[in-house]
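Values below: all heavy atoms of this structure, side chains included; hydrogens, waters and symmetry mates excluded. These numbers come from a predicted model, not from an experiment.
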Amino acid sequence: MISHCVFIRFRPEISRARRDALFAEIDALRNTLIGIVAVYTGIDVSPETGMDKGFAEGFIVDFDNAGSRDAYLMDPGHQKAGARLVAAAVGGGNGILVYDLDTGH
């Protein structure tokens with residue numbers, strides 16, 4: 001299994017409703033793409049103050065394998081949602097951190 005982790009520094013003027021809508025777009029992709037096992041979205045709840053380095057919100061998409069993740073990356077719906085996330089982030093792409101973890105499950 002591959003966990004695709006995305007952490008975002010949203011621009012301050014991006015409302016809670018807009019952030020939720022952006023996350024909902026990612027979550028909705030599980031209805032159209034094969035291989036998405038789970039989608040988790042939310043804010044950082046770690047007690048380690050400041051360790052998020054400003055990447056205080058994000059999502060994780062679990063895929064059954066790397067091929068499913070790769071199909072997601074190429075999917076037009078993902079690319080459109082990703083472009084909207086970049087536009088909402090501080091510094092565009094510099095305000096987004098992506099990390100994929102092979103959990104071996």
Side-chain angles (χ1 to χ4, degrees):
M1 182 158 43
I2 301 292
S3 292
H4 178 69
C5 310
V6 179
F7 306 104
I8 306 156
R9 289 182 187 149
F10 280 110
R11 294 190 339 258
E13 68 272 17
I14 303 300
S15 70
R16 173 84 266 143
R18 180 68 181 136
R19 294 172 192 208
D20 291 344
L22 290 166
F23 289 145
E25 286 184 54
I26 298 297
D27 187 55
L29 292 172
R30 72 166 123 185
N31 298 323
T32 60
L33 294 173
I34 296 170
I36 295 178
V37 176
V39 178
Y40 308 96
T41 64
I43 61 171
D44 177 41
V45 296
S46 174
E48 298 177 296
T49 304
M51 292 301 291
D52 63 11
K53 307 295 190 252
F55 292 96
E57 296 186 53
F59 61 91
I60 298 171
V61 181
D62 287 338
F63 296 94
D64 59 2
N65 60 53
S68 296
R69 184 266 328 267
D70 295 349
Y72 160 88
L73 294 176
M74 299 305 298
D75 179 73
H78 164 262
Q79 292 179 356
K80 288 177 186 175
R84 285 189 274 277
L85 282 168
V86 168
V90 172
N94 289 329
I96 297 178
L97 173 68
V98 177
Y99 184 92
D100 286 4
L101 180 66
D102 184 344
T103 61
H105 295 106

Given His78 and Lys80, is the side chain to side chain contact (heavy atoms under 4.5 Å, CB included) satisfied, shown in steps?
CA-CA 5 Å; His78 164 262; Lys80 288 177 186 175; over 6 Å; no
- Query: Between Met1 and Val37, is a side chain to side chain contact (heavy atoms under 4.5 Å, CB included) present by the stated rule, with each step listed?
  - Reply: CA-CA 9 Å; Met1 182 158 43; Val37 176; 4.2 Å; yes
query = Is Ile26 reachable from Ile14 through a run of I, L, V, M, F, W or Y residues, each pair having side-chain heavy atoms under 4.5 Å apart?
reply = yes
Test salt bridge (Lys or Arg N to Asp or Glu O under 4.0 Å), reference Glu57, set Arg16, Arg11, Arg9, output is Arg16
Q.
Looking at Glu13 and Arg18, is there a salt bridge between them, counting it only when a charged N and a carboxylate O are closer than 4.0 Å?
A. no
Minimal heavy-atom distance between Gly35 and Ser68, with the atoms involved, is CA-OG, 3.5 Å
Nearest heavy-atom approach of Ser3 to Thr103 is OG-CG2, 3.6 Å
Partner of Val39 under side-chain contact (heavy atoms from CB on, under 4.5 Å), picked from Asp27, Leu29, Ile60, is Asp27
Rounded to the nearest 0.5 Å, the CG atom of Asp70 sits from the CD1 atom of Ile2 at a distance of 8.5 Å
Result for side-chain contact (heavy atoms from CB on, under 4.5 Å) between His4 and one of Val98, Leu101, Asp62 points to Val98
Looking only at heavy atoms, the pair that brings Ala89 and Gly95 closest together is CB-O, 3.8 Å
Residue pairs meeting ring-ring contact (aromatic ring centres under 6.0 Å, His included), one or both in residues 11-59, sequence neighbours left out, come to Phe10-Phe23
ask   = Any chain of hydrophobic side-chain contacts (each under 4.5 Å) joining Val86 to Val61?
value = yes
Nearest heavy-atom approach of Asn65 to Gly67 is OD1-N, 2.9 Å
Note to self: Is there a continuous path of hydrophobic side-chain contacts, each under 4.5 Å between heavy atoms, that joins Ile36 to Leu85?
What the structure shows: yes
Check: Applying the 4.5 Å side-chain criterion to the ILVMFWY set and letting contacts propagate, would Leu73 and Ile8 be lumped into a single cluster?
Finding: yes
In terms of heavy-atom contacts, Arg30 and Ala38 come closest through NH1-CA, 4.5 Å
Following the transitive rule for hydrophobic clusters with a side-chain heavy-atom cut-off under 4.5 Å over Ile, Leu, Val, Met, Phe, Trp and Tyr, establish whether Ile96 and Val90 coincide in one cluster.
no
